[in-house]
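Below is one structure, written out as structure tokens; the observations come after it.
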2 protein chains.
Amino acid sequence: MNEKFFDLKKEKQDRIISAAMKHFALNGFLHASTDDIVKDAGISKGLLFHYFGSKVGLYGFLYDYSMRFMTIELSSYTNKEETDYFEIIKQILTSRVDAMRQFPYVQLFLERAEEEEVPEAIAAVHEKRMSLEEQVGTILEQADITRFKAGADYVITGHILDYSLRGLMLEHIKTGAFSPERYGAEAVRYIDMLKRLSYN
Amino acid sequence: MNEKFFDLKKEKQDRIISAAMKHFALNGFLHASTDDIVKDAGISKGLLFHYFGSKVGLYGFLYDYSMRFMTIELSSYTNKEETDYFEIIKQILTSRVDAMRQFPYVQLFLERAEEEEVPEAIAAVHEKRMSLEEQVGTILEQADITRFKAGADYVITGHILDYSLRGLMLEHIKTGAFSPERYGAEAVRYIDMLKRLSYN
DNA sequence: TCCCCCTTTGACCGATTCGGTCATTTTCTT
DNA sequence: AAGAAAATGACCGAATCGGTCAAAGGGGGA
């Protein structure tokens with residue numbers, strides 16, 4: 001890529017990054033069209049290719065950028081001393097909500113990238129694939145599982161939380177004018193209820 | 001459409017329906033390609049258009065067919081006397097699992113159809129849109145909500161169930177060789193756990 | 001004011017893919 | 001054997017794709 005991209009006004013950089021994330025997240029590498037991306041970003045097609053060389057180049061840059069971004073967000077909102085499973089989940093959620101305030105589609109983009117099947121897209125990424133999920137996993141190891149009551153399987157509970165928070169996010173995104181804060185607030189209510197039910 | 005479609009061997013009908021459902025469910029109306037559908041169904045392109053006239057025609061037929069199919073499945077597995085919320089959820093699940101044994105992508109296809117934004121696709125469907133969700137809603141009204149303990153919000157619980165069962169289904173589908181039965185069995189474990197936690 | 005250079009544009013390219021057609025072949029029925 | 005129905009797949013024009021490039025725009029130094 002062309003490093004001069006970073007000399008652009010921050011606002012323009014973000015517009016381009018956001019638009020690209022959105023289309024890759026929603027349609028996958030293959031069906032995301034560069035025409036749509038530049039239209040959304042409000043720039044010309046030539047400019048996009050001037051800075052990123054190719055569609056694969058753009059995709060690789062985005063993945064790397066998102067990875068670094070989310071890693072920082074995650075480490076700045078999680079507390080290594082917290083041992084309550086649900087409070088850790090809330091910290092992770094908070095870091096994601098904060099990230100989405102700048103790039104609404106980061107989370108979705110990264111999830112989609114992990115399922116990508118197009119060889120070129122995989123190749124553009126495979127070097128930097130030190131998954132965020134590992135990081136999340138490490139944090140969750142700190143959790144004190146013994147607080148779960150008998151009859152509350154913490155593995156199932158974890159899956160339910162994953163699916164529910166993801167489904168809720170998609171629902172909020174689908175209903176135009178996505179507000180990360182509103183999503184976060186509702187998500188916390190879900191987490192708190194499950195916490196209440198899972199402990200003695 | 002051409003009514004002679006129903007004179008085809010049942011197995012061929014199902015192959016065509018399944019393939020079409022799959023691609024519409026996975027890619028939406030616009031990005032589902034008739035070339036891919038006929039390749040999957042193992043028929044020629046001419047035949048598809050011979051029976052359904054156009055892509056929209058095929059889509060409309062599929063929606064109507066799926067709607068009728070699921071309506072029957074639903075009414076044959078739900079018991080009007082059941083008042084336990086979670087048991088009703090299990091009956092609905094059972095009807096869906098049974099449906100997926102014949103058409104693995106019915107459920108996904110119908111969900112996707114409700115979110116469709118392409119005008120032609122909406123038009124091909126809008127007459128028959130007496131949503132299944134209403135039917136499900138009616139059945140759930142029978143549920144005895146008072147059994148939920150304080151602190152267990154039955155509305156949130158309903159959403160959590162929706163998101164979790166859907167997420168679990170997608171997970172099973174993504175992991176090739178989808179088995180409706182295995183999905184159903186795991187889903188029941190989720191439901192049972194939430195039932196245990198939600199009642200006194 | 002003029003010039004230079006970097007940014008930015010969008011018309012354009014060849015390739016591919018799309019929904020849909022139709023002359024032709026294969027299969028079935030009698 | 002013959003006629004009808006089922007089935008094929010090469011083909012069509014249109015649209016869309018990723019990517020190029022000559023030219024326009026614009027800001028700053030002399």
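Just so we're on the same page: letters track the sequence lines, and every chain starts at 1.
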Contact between [X] and [Y] at the side-chain level, heavy atoms closer than 4.5 Å - yes or no?
X: M169(B); Y: Q107(B); answer: yes
X: L161(A); Y: F86(A); answer: yes
X: Y183(B); Y: L93(B); answer: yes
X: L165(A); Y: R96(A); answer: no

Tell me the interatomic distance from [X], atom [atom1], to [N], atom [atom2], rounded to whole angstroms.
X: I43(B); N: dG9(D); atom1: CD1; atom2: P; value: 11 Å
X: K39(B); N: dT8(D); atom1: NZ; atom2: P; value: 15 Å
X: E3(B); N: dA5(D); atom1: CD; atom2: P; value: 17 Å
X: D35(B); N: dG9(D); atom1: CG; atom2: P; value: 13 Å

Check the orientation of F109(B) and F24(B). Use parallel for under 30°, tilted for 30 to 60°, and perpendicular for over 60°.
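Judged by the thresholds at 30° and 60°, the geometry between F109(B) and F24(B) is tilted.
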
Measure the acute angle between the ring planes of F61(A) and F5(A), then classify it against the limits of 30° and 60° as parallel, tilted or perpendicular.
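Taking F5(A) first and then F61(A), their aromatic rings stand perpendicular (interplane angle over 60°).
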
Counting side-chain heavy atoms from C-beta on, which of [options] comes nearest to [X]?
X: K4(B); options: dA6(D), dC18(C), dT7(C); answer: dA6(D)
X: K55(B); options: dA6(D), dG18(D), dG19(C); answer: dG19(C)
X: S44(A); options: dG19(C), dC17(D), dT8(C); answer: dT8(C)

Between [Y] and [X], is the closest basic N to carboxylate O distance under 4.0 Å?
X: R189(A); Y: D192(A); value: no
X: E87(A); Y: K195(A); value: yes
X: R15(B); Y: D40(B); value: no
X: D35(B); Y: K39(B); value: no
X: R68(B); Y: D64(B); value: yes

Residue-level proximity of residues 6-32 of chain B to DNA chain D when a heavy atom falls under 4.0 Å
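The answer is L8(B), K12(B).
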
Scan residues 46-54 of chain A against DNA chain D and write down, sorted by residue number, each residue with any heavy atom closer than 4.0 Å; if none is found, say none.
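Those residues whose heavy atoms fall under 4.0 Å from DNA chain D, taken from residues 46-54 of chain A in numerical order, are G46(A), F49(A), S54(A).
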
Look at the side-chain N and O atoms of K45(A) and state whether any lies under 4.0 Å from the OP1 or OP2 oxygen of dG10(C).
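Checking dG10(C) against K45(A), no side-chain N or O comes under 4.0 Å of OP1 or OP2.
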
Report, as a single string ordered 5' to 3', how protein heavy atoms within less than 4.0 Å touch nucleotides 23-30 of chain C: B base, S sugar-phosphate only, - not at all.
--------

